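A short write-up of the structure that comes next.
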Number of protein chains: 2
Amino acid sequence: MPIAQIKFMPDNRIIQVEEGTTLLAAAAQAEIFIKSGCGGKGTCGACKVVVQSGEPQVTGTGNLTPDQLSKGVRLACKTIIQGDMIIEVPPESRLQEHQVLLGDTQKGLLQESEHDLLETFGHHPLATKQRIVLSSPTLTENTSDWARLTMELRRVLKAGDRPIHIPLSILQNLPETLRKANWDISVTLTDLESGFTVTHVEAGNNNPLFGLAIDIGTTTVVVYLIDLSNGKIVDQQGSYNKQARYGDDVISRIVYAVESEENLQLIRQAVVETINDLVDKLLSRQSIPQTDISSAVVAGNTTMTQLFLGVDPKYIRLEPYIPTMSTVPSVTARDLGLHMLPEALVHCYPSVASYVGGDIVAGTLVTDLANGEDITLFIDIGTNGEIVLGNQDWLVSCACSAGPSFEGGGITFGMRAMPGAIERVVIDSDTLDVSLKVIGKGLPVGICGSGLVDCLAKMLSAGIIDRAGNFQLGHPSGSERLRETADDKEFVLAWAHQAGGQKDVVITENDVKNIIRAKGAIYAGIRSLLNMVAVDLEMISRIVIAGGFGNYLNVHDSVRIGLLPDLEPERFEFIGNSSVKGARLALLSQRAWREAEELGRKMTYVELSVGATFMDEYVSALFLPHTDLSLFPSCH
Amino acid sequence: MPIAQIKFMPDNRIIQVEEGTTLLAAAAQAEIFIKSGCGGKGTCGACKVVVQSGEPQVTGTGNLTPDQLSKGVRLACKTIIQGDMIIEVPPESRLQEHQVLLGDTQKGLLQESEHDLLETFGHHPLATKQRIVLSSPTLTENTSDWARLTMELRRVLKAGDRPIHIPLSILQNLPETLRKANWDISVTLTDLESGFTVTHVEAGNNNPLFGLAIDIGTTTVVVYLIDLSNGKIVDQQGSYNKQARYGDDVISRIVYAVESEENLQLIRQAVVETINDLVDKLLSRQSIPQTDISSAVVAGNTTMTQLFLGVDPKYIRLEPYIPTMSTVPSVTARDLGLHMLPEALVHCYPSVASYVGGDIVAGTLVTDLANGEDITLFIDIGTNGEIVLGNQDWLVSCACSAGPSFEGGGITFGMRAMPGAIERVVIDSDTLDVSLKVIGKGLPVGICGSGLVDCLAKMLSAGIIDRAGNFQLGHPSGSERLRETADDKEFVLAWAHQAGGQKDVVITENDVKNIIRAKGAIYAGIRSLLNMVAVDLEMISRIVIAGGFGNYLNVHDSVRIGLLPDLEPERFEFIGNSSVKGARLALLSQRAWREAEELGRKMTYVELSVGATFMDEYVSALFLPHTDLSLFPSCH
Ligand code: FES
Ligand SMILES: [Mg+2]
Ligand SMILES: [Mg+2]
């Protein structure tokens, strides 16, 4: 294939690609990441670019208007390179580096309780390092190297007759390693229920041993570097999940992955690459060699876990929504291609169901939910809302498809919590004048989840919308911000001249309805679960909220729009990234890891689409805050 | 590097190789295998070829005579290609296809006792196949695929809470496999002490399952294809070990392997290739797919086992001669590159010491040596003689470096038991006329181990040699067959015109002394072991002999030359290839495999080089049959 030269503006980045490549793929090669909500099917319209020069082949135009088309706007996923081009990638089409929600290690409730939990479970990491000095063999003391080493390990580890495994790759070099070290060695082992596994043998040393706690989120991947000797988080790093190239949400990624074996490998590689980049950064910053990273625990939703392992995700999205496995076999870093000790074992948190994954089990563990008689409600809000309810005696969980609204998806000016996103809104009820708080130092270009919750609550108070989300065009203020267009009714949050884009930043009636549907789904999920186990709201001692959304969540406004139940603010806790915290806990405590596997088995999954309960609850929740106002006494 | 064209005659085979390659390597590329006893060091002189045209670079001439040099004779290992050449490879320099000693399945004692042993141990193969029909999942019965399968496997296998492992590669495709098969599947599992391991999941079927019993000998590799359902040997195939390219014996192969990581990989690949060629032949002959081969048990000496697994063999040949491992972890066919089910497990027999390997443990198992109070002596004669003595209560073993004489090495006209080899000799005491029995239909070109034993016994009877092996040139017959040359004294077994080569086939005084040293080492090994445990010869109920040598061994002549102790012929048994038979037994019986691992641990290894006993015994055994004639009463 001939090679074409593509220049991306305003980055001014030039790359060479084969003709026949899509612009979307070419941009990824240039490390310019373009949104692709539909996974490159040409339907979502997220990947708009402007062709400034060049004559590409256009295989689809989706919902582009004649006006846009005449201005050179094209869908990057449906534009095939046929020769040199100059392309402008507008800001709204870009996946940008954003404020990644790292677990909060400075302050907050979880930091306290996590520390307690490690004390409760006991600090016995899955991987440990033993310093061993062997007697050297003689003609009469002539047992084999591995038998000699096993005998001593068995003594030191008090292993009884539990099996001690050694991988072939370590045996292959064992004789030389032992003799070069003059029989004074350090052995790294992982201790699991199935026995011990040797993961490294090296010359004797007292260097600390490290492990990785990894949260694979659909949007964001976070890695903690942990010193296994004291449990400390030495450093942490987060970034976008590079799988976003292949689709924004789990469904579009599954659709992409099941298209071909090659696609599955590409999407697997994308997350491996994401993790490796983070690990590389951590290791170089801390001057730690890869071979000191002896173990990793990974928490992610079921789809993320299966894609990370290259396990066919097809049936996760087909009724009856069956994941391939609940507990996950431990796999070597070598087999996965991670930048760690090659034989280090990587342990993935077990899943409960296709839509209640390892991240939720991890969250359940760190919220200490299954301990004591008090009932806890745990909610992880992302594209899906996952809910767990229970105490030491019982655990039920469900997932409700909230849609991507709270992450900015499907909202006209929706965006993730990154610089330029509106995160707080104040509206003057008389004049409808607006005050905004924007993330970062720039002008507002869109609105993120926490901003949307705020906005809805304030629009309701100000009488801009009614309880069903209908816009009240005849608002007494007569404000120009409230207006009707050809397509919809909308409210202007920021005028073009105040905004980072060239357009007014608005929220439409359709946006509002989307958010109502999302919050309705989560609230209906909570109610359905409560009904199922005949638990009254008042019986819930704690409501723990986790997720990227939760970091900025205004509890008062969340209750006002009926996203969260109307309880005293004291019962709410924010836990941030409970997934990575759970990964850390398991890494540091064999008992925690066993408990996690136990939790996975113990938790009952309720499929909300069975029976009418959820639908009834959902319909009742499509008002602000709810059809039944008696559920929201504080909102009168 | 420029490319040269090399033509090999009389094969008339032409290949292209890079200049700078040795002729030895080029011949191997042309699939013409040339002997290289010294592993290509230029010292053994086995790799003689004749340069008919071309101007190579000669980097060594070893012991070639000026006459040979002038006739174009060169050492293939020391001849570097500099341009096109025509090369003649004489028959005596070739490793030829030979009568491979396959285990005798038609007749003989072992066939009987092996059958008994399988009954004793019980027919419970390491690998089994289970037909499973699962209920299909629903929205309410929504456990994961693997949890659903585990539950049913646990029930069918009566697995209690023993672990059931599944490799990632099988999980990756499990969902599709289950659904395409409509939940009616066949699962192949291996049952080991550490738990069950799933090695294959496929659509439900009742095809039989097969396993491989593999003997990796230094010279010969033998594979049995076993039907696991009934234990039958479906087919068998043997061939040279392709590692012979890199040296004739274990020591020269170790020397080659430890030179570089690349060499170790090459020599590992050579045996893997050997096995795969055999497996390919068996499978195509029997029309069986690779995926029906579910398990393999391998028996080989310690060096063969380590080289097969790519485990650094360096310290096997350095005092104090320590092997890397005794018991060997099971490894997947995928990791080893064998032509089987990729996740099938390959189990190697444990070693006792560097020079008492898995083949000897296998032999000990099939001779039923550790059963009952009767004492058995087991001898495996090859390049090394390995000896095991014991009964149910105790087991001792040793190895004595017999040298390669009995396999034809270091003997002027020595060769392996292949067509053209003299295997029986009769000498007229008066005239010294000779009658020969030659393997195959052709003329005699050399003499193999069984022929050498015969020859020595007959030369002693005829007065050609005295008890010390000295030639008696003044023999009353005045036969021209008995003669002195510039270098040595020799006896002509076949005149040039009767022989396949162009020379008289002779046995020299030096040859005789070599054989005496070899038989002396084995006999001394037997005596040393007996002394050590204070067992009298008469207390031994059975002497079991195994190995390529044993197939043709004349017990009477072996006793006459003092190779075997002087006991009634009824006490001797021939067992043929006990190594592959032991591999089969373990493949078919979990109890046998556990017993084998137990045997390996139980057996005491005695290093004969410690203390003076062996040396004293050895010196006394350097007569025919022995210095102490009272040990050989039947020989007066
Ligand atoms: S002299 Fe060439 S291989 Fe030995
Ligand atoms: Mg998450
Ligand atoms: Mg053998």
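So you know, we letter chains A, B, ... as the sequences are listed, proteins then strands, and number each from 1. Predicted model only: the values in this text are computed from it and were never measured.
Most heavy-atom pairs under 4.5 Å with chain A: of the set B:R179, B:H165, B:E193, B:Q306, this distinction falls to B:R179. Heavy-atom pairs under 4.5 Å with chain B peak, among A:R162, A:K314, A:E176, A:E141, at A:E176. Of all the listed residues (A:A147, A:P163, A:G310), the one sharing the greatest number of non-hydrogen pairs under 4.5 Å with chain B is A:G310. Contact count against chain B (heavy-atom pairs under 4.5 Å) is highest for A:E319 among A:R148, A:E319, A:R601. Put simply, of B:L178, B:L174, B:V331, B:T138, the one with the most heavy-atom pairs under 4.5 Å next to chain A is B:T138. Comparing B:N142, B:N173, B:I166, B:T150 by heavy-atom pairs within less than 4.5 Å of chain A, the highest count is held by B:N142.
Taking all atoms of both residues into account, the shortest heavy-atom contact from B:L168 to A:L336 is CD2-CD2, 4.4 Å. The minimum heavy-atom distance linking B:V311 with A:L171 is given by the pair CG1-O, 3.7 Å. Considering every non-hydrogen atom in both A:D312 and B:P175, the closest pair reads O-CG, 3.7 Å. Smallest separation of non-hydrogen atoms from B:P137 and A:P320: O-CG, 3.5 Å. The shortest non-hydrogen separation linking A:W146 to B:T327 is CD1-O, 4.3 Å.
Rounded to the nearest 0.5 angstrom, A:S169 OG and B:L309 CG are separated by 12.0 Å. From A:Q172, atom CD reaches atom CZ of B:R268 across 7.5 Å, with rounding to the nearest 0.5 Å. Atom OH of A:Y321 sits about 6.5 Å away from atom CG of B:L139, to the nearest 0.5 Å. Distance check, rounded to the nearest 0.5 Å: CD1 of B:I316 to OG of A:S144 gives 10.5 Å.
Contact annotation for B:T143: only backbone heavy atoms (N, CA, C, O) come within less than 4.5 Å of a heavy atom of chain A.
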